[in-house]
Amino acid sequence: MRIKLYGIFTLVLWTLTLSAQVEPALPNTSSIITCFPDTTGYDYITVGPGKDYSDLQLAINDAQPGSILLLDAGSIFYGGFSLPDKGAGDEWIIIMSSRMDLLPPESTRIDPVDSTGSFNFPVQANAMPKIITNHLAGIPAIRTMANAHHYRFVGIEISVDVNVMNSYGLINLGDGSSAQNTLDKVPYQLIIDRCFIHGHTNAEIMKFGVRLDCADGAIIDSYISDFHSIGFDAQAIAGFNGPGPFKIINNYLEGAGENVIFGGAAPSIPGLVPSDIEITQNHFYKPWSWRVGHPEYAGKHWTIKNLFELKTGKRVLLEGNILENSWADLPIGQSGAAILLTIRTEGGASPQADVSDITIRNNIIRHVGSGISLPGSDDGIGNRSARIKICNNLFEDVNGPLYGDLNIDGPNDGTFLKIGKPRDVWIDHNTILQTGPITWAFGVTDNFIFTNNLVQSFVSTGGYQGIYGPGQMQGNATFMTYFPDVTDTNQHFHQNVLIGGNASKYTNFNNNSKNYFPANVDAVGFSDLANAPLDYHGYALSAGSPFAGLSDDGADIGVDFHELDSALQVDRDCTSIPTYVTGEDEKSTDFLIIPNPAHGDFRISTNLEYFRKFNLTITSTDGRILMRKMITKDDYVSLPALPSGVYFVHIHHDGTSVVKKLFLE
């Protein structure tokens, strides 16, 4: 009897294990140092006309770890610059603008045309030194040597001369060639921070902004634009020959091919799969000026593909981003999908390629021809994608007629999910407003879960509707063929709202499982549908909605907008870390610090009548912000307890910004 009971228990346990959803593993990016490091004791090296160095490459070559290279704001440094290996150690070489005081603080994205309030440097781009490659052969502006490490660029404009028509990449962090064929050659701890990286519209090829073929690489708070090519893929950020981890946080990203892609070529390092990738709070965007036929079209037909793509990559988190504008561009481009998760073994040269442990949550995806394409394998070759979770995303204006390939009988006409043969796919708590079917299945997905989603289920122009796979009717028949382990008992299709859906096609899921089929959007109870395209909160359910609080976790069906709002906010605590270094403003003779040296309190005196109240910031010489406040002229400022030494007093008012040294005894 014990044997029989044990056998029954084992069978039940095995069955439960098969039916349980496996959560994807999240990326481990803790080794990446995104906050500005403590630079106490660092050497300061000025670079520019009449400074310590006028030759930037010579300054980089001579700099030792524990150095800050202050590049003159507004100066131009032409050429392609190399970052050599400086040996062992974990001190940084920081290459930064001399006027970081005019640029945003940490955790704030730069905007090159935003005002600084400075007469001499009126917009943020003016406060940046410029590194510009002018090599007609397309040599990058910045590239790393083998095993280079601990370089950080802060507040730099990096671009290509307008006479260069073919640029094959601006910043190479690591090497995609066969020269980087072992992990011990991979550069690491490389940070791009608050930089303006861009191509130009006169070109034929602007291949990519930054290549992440390194380890411990981060691109944060930057603005990367104008990467596009005719007949070729172009990306804001790409990578295939670096192991990771990577952080891509709070950037504006423009790329005509793919805004961000990992994979696309076989890595030179055997067995490599880029892993541990965190992509958060970015704005992926394709300008309408790139779309042929649009009123804003600027006349260059760049090759258009999608917004985010993985051809290989494991433990990837895509969270808190806005992904906007993707349209069909056939025959040279693609069909307008927002996200493509497709394993590519590169003709057998990359058999280890894998797209697994992927989490896509708390994003806004809008104005696209279709939602997500998830084939699951490379036509049955190599690995099979597994553990994909898509949760709490707002898919708005997924519109085949407006942005798709106009093949109304095909899988890309406003479809939310085109799905092949992955395993462990979990679609939960999304709000999806699309014109095509919910799914277009073309292979068997093992362990598919679709719960708590609010999704449109109207008949498409081609006659497709709901949970659909070719050769089958929607609903019951499609589930039996393409998602056979979804049952009424296991509730893997449960607590969904299918707007305009046909309840008679889903009768296999109406006992233990519960789903809802309102006739139209008016029956849903959105809080403010008319204004939702201008304010996405209008897609939240009103308190009176019949589907409020009905999900299996007690929340509203569809997106939790509080969670979405929180994820869209940048939340990196770098407040105690240095943010900028600057010297005394040579034109600040109209201001006096009295007394100076000071023993504690001091006041600001000026003979400029319009200066009555102003913002005052006090920093240490290594850039730590020690105090900020609004003061009135001649008022005394009470300092916090500070050791004796030299400090900087930054005075800001009505477009004027000056800096004075304060000597504290």
Side-chain angles (χ1 to χ4, degrees), residues 24 27 208-212 219 224-225 227-228 233-240 244 246-264 274-287 290 303-329 333-344 353-375 385 388-396 398 403 412 415-419 422 427 430 567-568:
F208 60 81
V210 184
R211 270 273 290 277
L212 288 172
I219 306 169
I224 306 178
S225 62
F227 290 96
H228 36 55
D233 288 17
Q235 304 95 16
I237 299 172
F240 67 89
F246 303 119
K247 286 191 175 188
I248 302 171
I249 304 177
N250 192 36
N251 306 284
Y252 174 82
L253 304 170
E254 277 183 7
E258 304 87 2
N259 296 52
V260 175
I261 185 173
F262 285 92
S275 302
D276 297 303
I277 303 170
E278 179 183 336
I279 305 170
T280 57
Q281 288 99 37
N282 302 282
H283 188 184
F284 294 63
Y285 190 79
K286 296 186 195 297
W290 294 354
T303 298
I304 303 297
K305 291 199 171 177
N306 50 67
L307 291 160
F308 175 63
E309 181 170 345
L310 293 175
K311 286 185 163 85
T312 185
K314 294 184 67 176
R315 296 186 299 280
V316 180
L317 172 64
L318 184 74
E319 180 170 30
N321 304 280
I322 297 174
L323 295 91
E324 194 166 12
N325 301 353
S326 186
W327 57 88
D329 184 38
Q334 290 182 351
S335 296
I339 297 172
L340 178 58
L341 308 176
T342 177
I343 294 173
R344 285 292 174 260
D354 197 359
V355 177
S356 293
D357 292 299
I358 312 300
T359 302
I360 299 173
R361 69 187 183 199
N362 298 315
N363 302 284
I364 298 174
I365 299 98
R366 59 193 179 202
H367 314 317
V368 297
S370 59
I372 298 176
S373 180
L374 179 51
S385 292
I388 314 291
K389 187 171 185 179
I390 301 166
C391 62
N392 213 63
N393 302 283
L394 172 61
F395 290 83
E396 174 193 1
V398 179
Y403 314 114
N412 306 306
T415 302
F416 161 60
L417 180 65
K418 180 182 174 184
I419 186 167
I427 316 293
N430 301 281
L568 291 168

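Here the structure is a predicted model, which is why all the values come from computation and not from measurement.
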What's the separation between atom CD in Glu258 and atom CZ in Phe308, rounded to the nearest 0.5 Å? 11.0 Å
Taking salt bridge (Lys or Arg N to Asp or Glu O under 4.0 Å) as the definition, give me every residue that meets it alongside Lys418, ordered by chain and number, with sequence neighbours left out. none
Under the 3.5 angstrom rule, does the side chain of Gln281 hit a backbone N or O of Ala567 as a donor-acceptor pair? yes
With a 4.0 Å cut-off, would you call Asp276 and Arg315 a salt bridge? yes
Beyond-backbone contact of Thr359 with Ile388, side-chain heavy atoms, under 4.5 angstrom: no
Quick check against the 3.5 Å criterion: does Asn430 have a side-chain atom that pairs as donor or acceptor with the backbone of Ile390? yes
Got Thr342 and Leu310 here, is their nearest side-chain heavy-atom distance under 4.5 Å? no
Apply side-chain contact (heavy atoms from CB on, under 4.5 Å) to Phe395 and Ile364, showing your working. CA-CA 6 Å; Phe395 290 83; Ile364 298 174; over 6 Å; no
Nearest heavy atoms of Leu323 and Asn363, plus distance in Å: CD1-CB, 4.1 Å
Looking at Asn393 and Ile360, would you say the former's side chain and the latter's main chain have a donor-acceptor pair under 3.5 Å? yes
List the residues meeting ring pair (Phe, Tyr, Trp, His ring centres under 6.0 Å) with Phe262, not counting sequence neighbours, and say none if there are none. Phe246
Which atoms form the tightest heavy-atom contact between Ile343 and Ala353, and what is the distance? CG2-O, 3.6 Å
Write down the atom of Gln235, the atom of Phe227, and the distance for their closest heavy-atom approach. O-CB, 3.6 Å
Kindly write out the residues that satisfy ring pair (Phe, Tyr, Trp, His ring centres under 6.0 Å) with Phe284, not counting sequence neighbours, or none if the list is empty. none
Does Leu340 reach the side chain of Gln334, with side-chain heavy atoms less than 4.5 Å apart? yes
Using atom types as modelled and distance alone, determine if a side-chain donor or acceptor of Asp329 lies under 3.5 Å from a backbone N or O of Ile304. yes
Kindly give the heavy-atom pair with the smallest separation between Gly371 and Val398, and that separation in Å. N-CG1, 3.8 Å
Asn259 (side chain) donor-acceptor with Leu253 (main chain) under 3.5 angstrom: yes
List for me each residue that meets salt bridge (Lys or Arg N to Asp or Glu O under 4.0 Å) alongside Asp233, sequence neighbours excluded, and say none if there are none. Lys305
Ignoring hydrogens, what is the shortest heavy-atom contact between Asp357 and Pro24? Give both atom names and the distance. OD1-CA, 3.4 Å
Report yes or no: does Asn282 contribute a side-chain atom to a donor-acceptor pair with the main-chain N or O of Asn250 at less than 3.5 Å? yes
Take Ile365 and Asn321 through the side-chain contact (heavy atoms from CB on, under 4.5 Å) test and state the conclusion after the steps. CA-CA 8 Å; Ile365 299 98; Asn321 304 280; over 6 Å; no
Donor-acceptor contact present, side-chain Asn392 to main-chain Asn362, <3.5 Å: no
Who passes ring pair (Phe, Tyr, Trp, His ring centres under 6.0 Å) against His283, sequence neighbours left out? Tyr252, Tyr285
At what distance, to the nearest 0.5 angstrom, does OG of Ser385 lie from NZ of Lys314? 10.5 Å
Taking Asn306 for the side chain and Ile339 for the main chain, is one N or O donor matched with an acceptor at less than 3.5 Å? no
Which of Leu374, Val355, Leu341, Ile358 passes side-chain contact (heavy atoms from CB on, under 4.5 Å) with Pro422? It is Leu374
Please test Val210 against Ile224 for side-chain contact (heavy atoms from CB on, under 4.5 Å), starting from the C-alpha separation and ending with a verdict. CA-CA 9 Å; Val210 184; Ile224 306 178; 4.3 Å; yes
Which residues share a salt bridge (Lys or Arg N to Asp or Glu O under 4.0 Å) with Lys286, sequence neighbours left out: none
State, with a plain yes or no, whether a side-chain heavy atom of Ile219 is found less than 4.5 Å away from one of Leu212. yes
Please confirm whether the backbone N or O of Ile249 pairs with a side-chain atom of Thr280, one donor and one acceptor, at under 3.5 Å? no
Restricting to non-hydrogen atoms, name the atom on Ala337 and the atom on Ser370 that form the minimum distance, rounded to 0.1 Å. CA-OG, 3.3 Å
Is there a side-chain contact between Ile427 and Leu417 (heavy atoms, below 4.5 Å)? yes
Check whether any side-chain heavy atom of Tyr403 sits under 4.5 Å from a side-chain heavy atom of His367, and report yes or no. yes
Determine whether Ile261 and Phe208 make a side-chain contact, defined as any pair of heavy atoms from C-beta on separated by less than 4.5 Å. no
